[in-house]
Amino acid sequence: MEVFNNPSKTIITCNRRLSPYLQHEIQRLGFDIKRGFATGVELMASVNDCIRLNLNLRCASQVLYSLKAFKASNPDELYEALSAIPWEELIAFDGYVSVTSNVNTPTITTPLFANLKVKDAIADRIKSKKGLRPDSGPDLHRTVVHLYWQDDQAEIFLDTSGETLAKHGYRKHPGKAPMLEALAAGVVYATVWDGQSPFINPMCGSGTLAIEAALIATNRSPGLFRMNYAFMHILGYDEAVFFAERRRLKTQLDKQRVPKIIATDLSREAVDLAVMNAKTAGVDQLIEFQVCDFADTPLPDGPGVVVFNPEYGERMGIHTKLEATYSRIGDFLKQQCAGKHGYVFTGNPDLAKKIGLRTSRKIEFYNGKLDCRLLEYELYTGTKRAAAHE
């Protein structure tokens with residue numbers, strides 16, 4: 001079953017509200033998008049194309065290559081349809097396979113039963129052809145198969161990613177309540193930052209926003225931090241394709257026009273973690289780290305962006321200390337950041353009101369299951385009207 005060179009329907013998933021930024025990344029790679037939806041994108045691609053997608057995308061979670069779409073009214077019909085696929089041409093008899101699923105059908109009560117049916121169909125087919133059954137389990141480090149089953153419509157995919165792409169592989173020290181790397185990349189994309197003017201990240205925590213900004217500015221792809229993907233464990237995989245793409249990623253690094261990137265935090269421990277993560281990512285020399293109160297963050301003259309990701313506590317709860325912090329953030333943006341664009345990422349609209357500035361945009365994101373906003377502020381000297389006439 002030739003999958004590495006034959007294009008098929010391919011679904012690239014992402015966290016909710018990252019789809020617009022994922023679509024932009026895919027189009028920049030030269031792929032045509034068939035459709036976009038809330039949690040992903042559909043296009044036509046071969047598994048060799050999927051190799052390139054896996055190594056380049058910052059906002060993606062999984063890259064799923066469709067093997068077959070079919071009707072299945074119950075688990076027996078699911079098993080029968082899957083048993084007809086030549087799995088022995090895709091998975092080694094002495095290999096390892098794991099199954100993930102997105103199942104919503106009235107004929108079963110738990111997706112785990114559907115996963116078991118998929119595993120049985122694969123293993124029974126391979127045993128009938130090769131005499132041995134591959135091992136199976138929950139680990140995503142080898143061959144991964146994904147089942148989508150909605151009512152009586154089912155589709156089976158090769159998950160070419162395995163472990164999620166949303167974690168970029170450099171953050172060995174996550175710190176307290178870290179922002180997922182894919183989300184951080186989406187936040188950077190959502191700002192007006194041009195990749196050349198300064199990027200300032202007060203209250204940087206473990207440094208994810210500043211590191212993602214440095215990676216984007218220098219064109220360092222996530223594929224440079226990872227050496228194992230599920231596509232490597234599909235029969236017919238040619239490692240020359242993978243290493244050729246990695247070489248291309250290395251040649252596209254741009255170390256000449258590095259913008260000023262500043263990350264500060266009041267916590268020495270947080271800054272130490274951020275420095276270690278930046279070293280793993282290879283950008284520690286590109287970021288100016290400093291331990292200080294956010295109000296003492298050094299600010300270069302001229303344009304740029306200032307991005308905060310402060311603590312926001314429980315959505316419905318108002319904490320006096322956080323109220324004061326948000327009020328101080330507003331004062332800092334207004335009094336010290338004139339000529340720049342300010343951003344505050346928060347999941348607490350009540351605390352956001354304490355900033356006391358008029359937003360120019362409210363950009364929707366999810367952080368896990370929490371409904372969040374990236375609030376944008378155009379920061380002028382004096383009033384907006386006066387700035388327009390300068």
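Sequence positions, counted from 1, serve as the residue numbers for this chain. These numbers come from a predicted model, not from an experiment. Every heavy atom of this structure was used, including side-chain atoms; hydrogens, water molecules and symmetry mates were not.
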Student: Tell me every residue that passes side-chain hydrogen bond (donor to acceptor under 3.5 Å, both in side chains) with Glu288, counting only those two or more places apart in sequence or in another chain.
Tutor: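 Applying side-chain hydrogen bond (donor to acceptor under 3.5 Å, both in side chains) to Glu288 gives Lys260.
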Student: Between Ser327 and Glu323, does any side-chain donor sit less than 3.5 Å from a side-chain acceptor?
Tutor: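 There is no such pair between these side chains.
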Student: Does any part of the side chain of Gln335, heavy atoms only, come nearer than 4.5 Å to the side chain of Leu333, both counted from C-beta?
Tutor: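 Side-chain contact under 4.5 Å: no.
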Student: List, one per line, each side-chain donor-acceptor pair under 3.5 Å for residues 198-206, sequence neighbours excluded.
Tutor:
from   : atom 1 : to     : atom 2 : distance (Å)
Asn201 : ND2    : Val307 : O      : 2.8
Ser206 : OG     : Pro174 : O      : 2.9

Student: Name all residues meeting the side chain to side chain contact (heavy atoms under 4.5 Å, CB included) criterion together with Arg361; count only those two or more places apart in sequence or in a different chain, and write none if there are none.
Tutor: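 In terms of side chain to side chain contact (heavy atoms under 4.5 Å, CB included), with neighbours along the sequence ignored, Arg361 is linked to Val192, Tyr343, Ile363, Glu376.
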Student: Who passes salt bridge (charged side-chain N to carboxylate O under 4.0 Å, His left out) against Glu42, sequence neighbours left out?
Tutor: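 Once residues adjacent in sequence are excluded, the partners of Glu42 under the salt bridge (charged side-chain N to carboxylate O under 4.0 Å, His left out) criterion are Lys34, Arg35.
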Student: May I have the list of side-chain donor-acceptor pairs in residues 120-127 shorter than 3.5 Å, sequence neighbours left out?
Tutor:
from   : atom 1 : to     : atom 2 : distance (Å)
Asp124 : OD1    : Arg133 : NH1    : 2.5
Asp124 : OD2    : Tyr79  : OH     : 2.7
Arg125 : NE     : Glu88  : OE1    : 2.9
Arg125 : NH1    : Ser83  : O      : 3.2
Arg125 : NH2    : Glu88  : OE2    : 3.1

Student: Do the side chains of Phe365 and Val187 get nearer than 4.5 Å, heavy atoms only?
Tutor: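 With C-beta onward as the side chain, the pair touches.
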Student: Parallel, tilted or perpendicular: which describes the rings of Phe225 and Tyr170, with under 30° parallel and over 60° perpendicular?
Tutor: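 The arrangement is perpendicular - the two ring planes meet at more than 60°.
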Student: Please tabulate, one pair per line, all N/O donor-acceptor pairs under 3.5 Å involving side-chain atoms of residues 136-147, not counting sequence neighbours.
Tutor:
from   : atom 1 : to     : atom 2 : distance (Å)
Thr143 : OG1    : His233 : O      : 2.7
His146 : ND1    : Thr100 : OG1    : 2.8

Student: Mind jotting down which residue pairs meet the side-chain hydrogen bond (donor to acceptor under 3.5 Å, both in side chains) criterion with at least one end in residues 264-280? Sequence neighbours excluded, please.
Tutor: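 For residues 264-280, and leaving out neighbouring residues, the side-chain hydrogen bond (donor to acceptor under 3.5 Å, both in side chains) pairs sorted by first residue read Thr264-Thr297.
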Student: Can you find a side-chain donor-acceptor pair between Asn48 and Asn5 that sits under 3.5 Å?
Tutor: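 A pair is found: one side chain offers a donor N or O, the other an acceptor, under 3.5 Å apart.
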Student: Taking the basic N atoms (NZ, or NE/NH1/NH2) and the acidic carboxylate oxygens, is any pair closer than 4.0 Å for Asp254 and Arg220?
Tutor: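 Not counted as a salt bridge, because no side-chain N and carboxylate O are separated by less than 4.0 Å.
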Student: Distance alone, cut at 3.5 Å: any donor-acceptor contact between the side chains of Thr346 and Arg373?
Tutor: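 Side-chain D/A pair, Thr346 to Arg373: absent.
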Student: Mind checking salt bridge (charged side-chain N to carboxylate O under 4.0 Å, His left out) for Glu155 and listing every partner two or more places apart, or none if nothing turns up?
Tutor: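 Glu155 satisfies salt bridge (charged side-chain N to carboxylate O under 4.0 Å, His left out) with Lys9 only.
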Student: Run the side chain to side chain contact (heavy atoms under 4.5 Å, CB included) test against Ala295 and tell me which residues pass, sequence neighbours left out.
Tutor: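 Partners of Ala295 under the side chain to side chain contact (heavy atoms under 4.5 Å, CB included) test: Asp293, Arg328, Phe332, Gln336.
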Student: Going by side chain to side chain contact (heavy atoms under 4.5 Å, CB included), name the residues that satisfy it together with Lys167, two or more places apart in sequence or in a different chain.
Tutor: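 Counting only residues at least two positions away or on another chain, Lys167 forms a side chain to side chain contact (heavy atoms under 4.5 Å, CB included) with Thr164, Leu180, Glu181.
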Student: Do any pairs count as a ring pair (Phe, Tyr, Trp, His ring centres under 6.0 Å) and have a residue in residues 32-71, sequence neighbours left out, and if so which ones?
Tutor: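 The answer is none; no pair qualifies.
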Student: Report yes or no: do Ser221 and Gln252 form a side-chain donor-acceptor pair below 3.5 Å?
Tutor: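 Indeed, the side chains of Ser221 and Gln252 share at least one donor-acceptor pair under 3.5 Å.
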Student: Using 4.0 Å as the upper bound for N to carboxylate O, is an ion pair formed by Glu245 and Arg248?
Tutor: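 A salt bridge is present here (some side-chain N lies under 4.0 Å from a carboxylate O).
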Student: Got a sec, which residues hit side chain to side chain contact (heavy atoms under 4.5 Å, CB included) with Asp94, two or more places apart in sequence or on another chain?
Tutor: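 For Asp94 the side chain to side chain contact (heavy atoms under 4.5 Å, CB included) partners, ignoring immediate neighbours, are Ala92.
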